[in-house]
K.L.:
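Shown below is the structure under consideration.
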Amino acid sequence: MKIAACQMVSGPDLGANLVAASRLLESAVAQGAQLAALPEYFCLMGHHDSDKLAYAETLGHGPIQAMLSRAARELRLWIIGGTLPIKADTPDRVRNTTLVFSPSGEVVARYDKIHLFAYDNGRESYDEARVLEPGTQPTAFDAEQLRVGLSVCYDLRFPELYRAYNPCELLAVPAAFTYTTGEKHWELLLRARAVENQCYVIAPAQGGKHENDRRTWGHSMIVDPWGEVLAVVPEGEGVACADIDPARLAQVRQQLPALAHRKL
Ligand SMILES: NC(=O)CC(=O)C(=O)O
């Protein structure tokens, strides 16, 4: 199966972000992809935390989910829908949610970001807990022959989440890594997750300077189970495509049976 990681530089205009996402999904299909993934917050990189509340949807309703469902159906594509804000049970809180759409446009999986990002170096600061409610459930789904484990951005720093997905063929990490942290840690962590779980990794990211003055690292990539980067988009909008090769997966696991040697 050919897979595609779509990189975006989303802004505060929901309509413009949805148009950009549709364009990238079409481009992925034109390059032969059967599964495409969008970045975290693909639909909105707002000026304020509260923007997430304003655009939050309830499950099964709203323009963001309608666009993803229509694109999946019309393009006959598996879509890992980055993340969108879904209303939480707690008032004034949202979940940062990945919805997965099958080629018939149905939602087949939902994953809510479990680990909430916080960072403060004196110049930049983030605290997702101000508006997000964390998820609690690791979630995987099957796309044809592929078992895919879901995660979002900061989750990448917590290897125990990915162990819960073993065995699977693909790990998905839609992200909006900051430029500062991404420059040092993004590729290192993605390749580590691929090597230790002997899986492909698809990591679609935000990458560039956003209207809200945030700068994200980008480098959306696809990594193979030996830790090789198969495709990358360094900065700006674009699509990284690569094939999932079952023979390569089997070869890596047979030559170095580390998964079979796990003791804990
Ligand atoms: N933005 C995030 O959720 C995570 C991030 O930038 C990091 O872990 O670094």
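These values consider heavy atoms only, across backbone and side chains, with no hydrogens, waters or symmetry-generated copies. Counting starts at 1 for both ligands and their atoms, in listed order.
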K.L.:
Checking T178 against E124: is there a side-chain donor and acceptor pair closer than 3.5 Å?
P.N.:
no
K.L.:
Has the side chain of W78 got a donor or acceptor atom that lies under 3.5 Å from a matching backbone atom of V100?
P.N.:
no
K.L.:
Examine the side chains of N96 and Y154 and answer whether a donor and an acceptor come within less than 3.5 Å of each other.
P.N.:
no
K.L.:
Kindly indicate whether the side chain of L59, heavy atoms from C-beta on, has any atom under 4.5 Å from the side chain of Q65.
P.N.:
yes
K.L.:
With a 4.0 Å heavy-atom cut-off (strictly under), which part of A175 contacts ligand 1: side chain, backbone, both or neither?
P.N.:
neither
K.L.:
Tell me the contacting part of F117 for ligand 1: side chain, backbone, both, or neither, using a 4.0 Å heavy-atom threshold, strictly below.
P.N.:
side chain
K.L.:
Kindly confirm or rule out an N or O of R157 lying under 3.5 angstrom from an N or O of ligand 1.
P.N.:
yes
K.L.:
Which of the numbered atoms in ligand 1 are below 4.0 angstrom from a heavy atom of T178?
P.N.:
6 (O)
K.L.:
What protein heavy atom is closest to atom 4 (C) of ligand 1, reported as residue, atom name and distance in Å?
P.N.:
C153 SG, 3.3 Å
K.L.:
Looking only at heavy atoms of K113, does any of them come nearer than 4.0 Å to an atom of ligand 1?
P.N.:
yes
K.L.:
Do R147 and E169 sit within salt-bridge range, that is, some charged N less than 4.0 Å from a carboxylate O?
P.N.:
no
